[in-house]
Enquirer: 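The following block contains the structure, expressed as structure tokens.
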Amino acid sequence: MSLDQLLEWIPTGGAEEALARQIEMDRLPRHVAIIMDGNGRWAGQRHLPRVEGHRAGIDSVRDVVETSARLGLDVLTLYAFSVENWKRPATEISTLMMLLKRYLRLELSTLLRNNIRFRVIGRTDALAPDIMEELLAAERKTSTNTGMLFNIALNYGGRTEIVDAARRAMASGLGPQDLDEDRFAGFLYTAGQPDPDLLIRTSGEMRVSNFLLWQIAYAEIWVTDTLWPDFRCRHLLEGVLAYQKRDRRFGGITPPVAAGVK
Ligand code: FPP
């Protein structure tokens with residue numbers, strides 16, 4: 001996709017267009033990962049039950065997925081449910097699962113229209129059979145799409161993923177000497193995908209919350225005070241622009257300084 005694809009979808013003359021036109025399309029982050037936070041606070045501010053925050057958060061998911069695909073990201077990963085989220089009240093968990101199921105049913109046509117490939121990452125074997133069925137159907141129906149890869153992290157934990165990868169590596173028959181960082185990454189849920197260049201967290205919290213711990217080693221982190229249900233295309237574009245202003249050194253030093261160092 002491209003700037004034109006994005007411009008034809010966003011309101012003309014608005015803040016989104018002004019932001020979109022500032023983006024350097026040849027320096028996009030390949031992979032953006034988002035910790036969607038603040039649904040409960042959004043609902044609380046409106047004296048609504050917490051689940052209303054999650055319900056409103058679905059509109060943000062819809063907007064961000066289509067913006068990302070039109071912009072031309074290679075991968076978008078959304079953190080929808082962590083291994084720790086089972087501690088929440090049963091009604092909140094069942095509503096989240098129901099919303100996810102409904103999202104997949106209603107948005108499949110959007111995923112197909114935008115050539116998006118859908119994948120779920122996490123310990124999916126612990127999910128209810130009806131949810132699994134829905135997830136697998138969406139993966140299957142979008143499997144031949146060649147555009148953006150959209151990962152939903154579900155029953156996901158970064159440490160759990162690393163343990164799962166270590167188990168797979170041991171079971172594969174590789175000897176300790178054969179294992180290096182690249183080979184190990186091939187046992188993660190995200191095998192074959194580029195690491196996130198940009199990690200976005202909403203609602204102002206400065207935590208990584210056990211999300212993609214291995215993969216975010218060199219990600220740029222951008223935190224916005226905006227609560228997830230208020231997060232839209234405009235905010236994603238702001239995050240990408242902030243990313244493009246960063247000086248990524250990957251542990252080295254910036255080239256002009258390096259050139260002057262004796
Ligand atoms: C964090 O807000 C949000 C979640 C735990 C769930 C996010 C899920 C959705 C937006 C819906 C389903 C997702 C998809 C991809 C269809 P919080 O409840 O922790 O908020 P708080 O910190 O304000 O309490």
Side-chain angles (χ1 to χ4, degrees), residues 32-69 73 75-111 114 116-124 126-128 130-139 141-142 148-158 189 199-212 223-233 235-236:
V32 175
I34 308 184
I35 302 175
M36 309 182 283
D37 196 13
N39 295 354
R41 274 162 285 170
W42 184 93
Q45 287 170 0
R46 289 158 180 76
H47 310 288
L48 294 168
R50 290 178 55 77
V51 291
E52 292 308 316
H54 299 318
R55 209 183 299 279
I58 295 289
D59 291 335
S60 311
V61 170
R62 216 177 273 131
D63 204 50
V64 164
V65 168
E66 188 148 2
T67 301
S68 302
L73 300 186
V75 188
L76 172 73
T77 303
L78 300 183
Y79 201 3
F81 194 86
S82 74
V83 287
E84 291 85 12
N85 285 153
W86 296 107
K87 293 179 208 149
R88 295 189 177 212
T91 49
E92 184 173 339
I93 296 173
S94 59
T95 305
L96 272 169
M97 296 297 166
M98 181 274 290
L99 288 171
L100 175 73
K101 214 165 137 177
R102 193 191 295 164
Y103 167 84
L104 290 173
R105 287 220 179 126
L106 295 178
E107 290 302 305
L108 186 66
S109 56
T110 311
L111 301 183
N114 288 284
I116 296 169
R117 189 156 53 95
F118 172 79
R119 278 221 36 213
V120 56
I121 58 169
R123 276 204 179 156
T124 49
L127 298 170
D130 61 318
I131 302 291
M132 265 323 283
E133 214 171 281
E134 209 68 42
L135 292 164
L136 291 176
E139 282 191 345
K141 288 175 186 162
T142 62
M148 185 182 81
L149 173 62
F150 168 30
N151 295 311
I152 284 191
L154 208 56
N155 195 26
Y156 176 88
Y189 305 145
L199 172 68
I200 295 178
R201 182 168 190 144
T202 60
S203 90
E205 306 286 350
M206 303 284 180
R207 288 190 288 275
V208 293
S209 296
N210 201 13
F211 189 39
L212 301 175
V223 176
T224 171
D225 286 334
T226 304
L227 304 178
W228 178 252
D230 292 325
F231 193 95
R232 289 289 182 279
C233 165
H235 304 97
L236 180 66

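Counting starts at 1 for both ligands and their atoms, following the listed order. Throughout, residue positions are numbered sequentially from 1 according to the sequence presented.
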Enquirer: Are the charged groups of Arg41 and Glu205 less than 4.0 angstrom apart, N to O?
Expert: yes

Enquirer: Please list, in number order, the atoms of ligand 1 under 4.0 Å from a heavy atom of Ala80.
Expert: 6 (C), 7 (C), 8 (C), 13 (C)

Enquirer: Answer side chain, backbone, both or neither: which part of Leu99 comes under 4.0 Å from ligand 1, heavy atoms only.
Expert: neither

Enquirer: Would you check if the side chain of Thr142 reaches a backbone N or O of Phe118 as a donor-acceptor pair within less than 3.5 Å?
Expert: yes

Enquirer: Which ligand 1 atoms are under 4.0 Å away from a heavy-atom of Tyr103?
Expert: 16 (C)

Enquirer: Which ligand 1 atoms are under 4.0 Å away from a heavy-atom of Gly40?
Expert: 17 (P), 18 (O), 20 (O), 21 (P), 23 (O), 24 (O)

Enquirer: Below a 4.0 angstrom heavy-atom separation, can you tell me which part of Leu104, side chain or backbone, both or neither, approaches ligand 1?
Expert: neither

Enquirer: Within a distance under 4.0 Å of any heavy atom of Arg41, pick out the atoms of ligand 1 and give their elements.
Expert: 21 (P), 22 (O), 23 (O)

Enquirer: Could you establish whether Glu205 and ligand 1 come within less than 4.0 Å of each other, counting only heavy atoms on the residue side?
Expert: no

Enquirer: If you count the atoms of ligand 1 from 1 in the order shown, which ones are under 4.0 Å from a heavy atom of Arg50?
Expert: 17 (P), 18 (O), 24 (O)

Enquirer: At less than 4.0 angstrom from any non-hydrogen atom of Ile152, what atoms of ligand 1 do you find?
Expert: 15 (C)

Enquirer: Using heavy atoms and a 4.0 Å limit, tell me yes or no: is Gly38 in contact with ligand 1?
Expert: yes

Enquirer: Using a 3.5 Å cut-off and no angle test, enumerate the donor-acceptor pairs between side-chain atoms of residues 42-49 and protein atoms at least two apart in sequence or in another chain.
Expert:
unit_1, atom_1, unit_2, atom_2, d
Trp42, NE1, Asp230, OD1, 3.0
Arg46, NH1, Trp42, O, 2.9

Enquirer: Determine the interplanar angle of the Tyr156 and Phe211 rings, folded into 0 to 90°, and report it as parallel if under 30°, tilted if 30 to 60°, perpendicular if over 60°.
Expert: perpendicular

Enquirer: Just let me know how Phe81 lines up against ligand 1, side chain, backbone, both or neither, with a heavy-atom cut-off below 4.0 Å.
Expert: neither

Enquirer: Should we say atom CD of Glu133 is surrounded by more than 12 heavy atoms from elsewhere, each under 6.0 Å from it?
Expert: no

Enquirer: Consider only side-chain N and O atoms of Glu92 and Thr95, and report whether a donor and an acceptor are under 3.5 Å apart.
Expert: no

Enquirer: So, Arg201 versus Ser209: side-chain donor-acceptor pair below 3.5 Å or not?
Expert: yes

Enquirer: Backbone, side chain, both or neither: what part of Asn39 comes under 4.0 angstrom of ligand 1, heavy atoms only?
Expert: both

Enquirer: Which of the numbered atoms in ligand 1 are below 4.0 angstrom from a heavy atom of Ile58?
Expert: 11 (C), 12 (C), 16 (C)

Enquirer: Side chain or backbone of Arg88 under 4.0 Å from ligand 1, or both, or neither, by non-hydrogen atoms?
Expert: side chain

Enquirer: How many angstroms lie between atom CZ of Arg123 and atom CG of Asn155, to the nearest 0.5 angstrom?
Expert: 8.0 Å

Enquirer: Using a strict 4.0 Å cut-off to heavy atoms of Trp228, name the atoms of ligand 1 that fall inside it.
Expert: 10 (C)

Enquirer: Quick one: list whatever passes salt bridge (Lys or Arg N to Asp or Glu O under 4.0 Å) with Arg55, sequence neighbours left out.
Expert: Glu52

Enquirer: Considering only non-hydrogen protein atoms, determine which one is nearest to atom 1 (C) of ligand 1 and report residue, atom name and distance to 0.1 Å.
Expert: Met36 O, 3.1 Å

Enquirer: Hey, is the main chain of Val120 close enough, under 3.5 Å, to the side chain of Asn151 for a donor-acceptor pair?
Expert: no

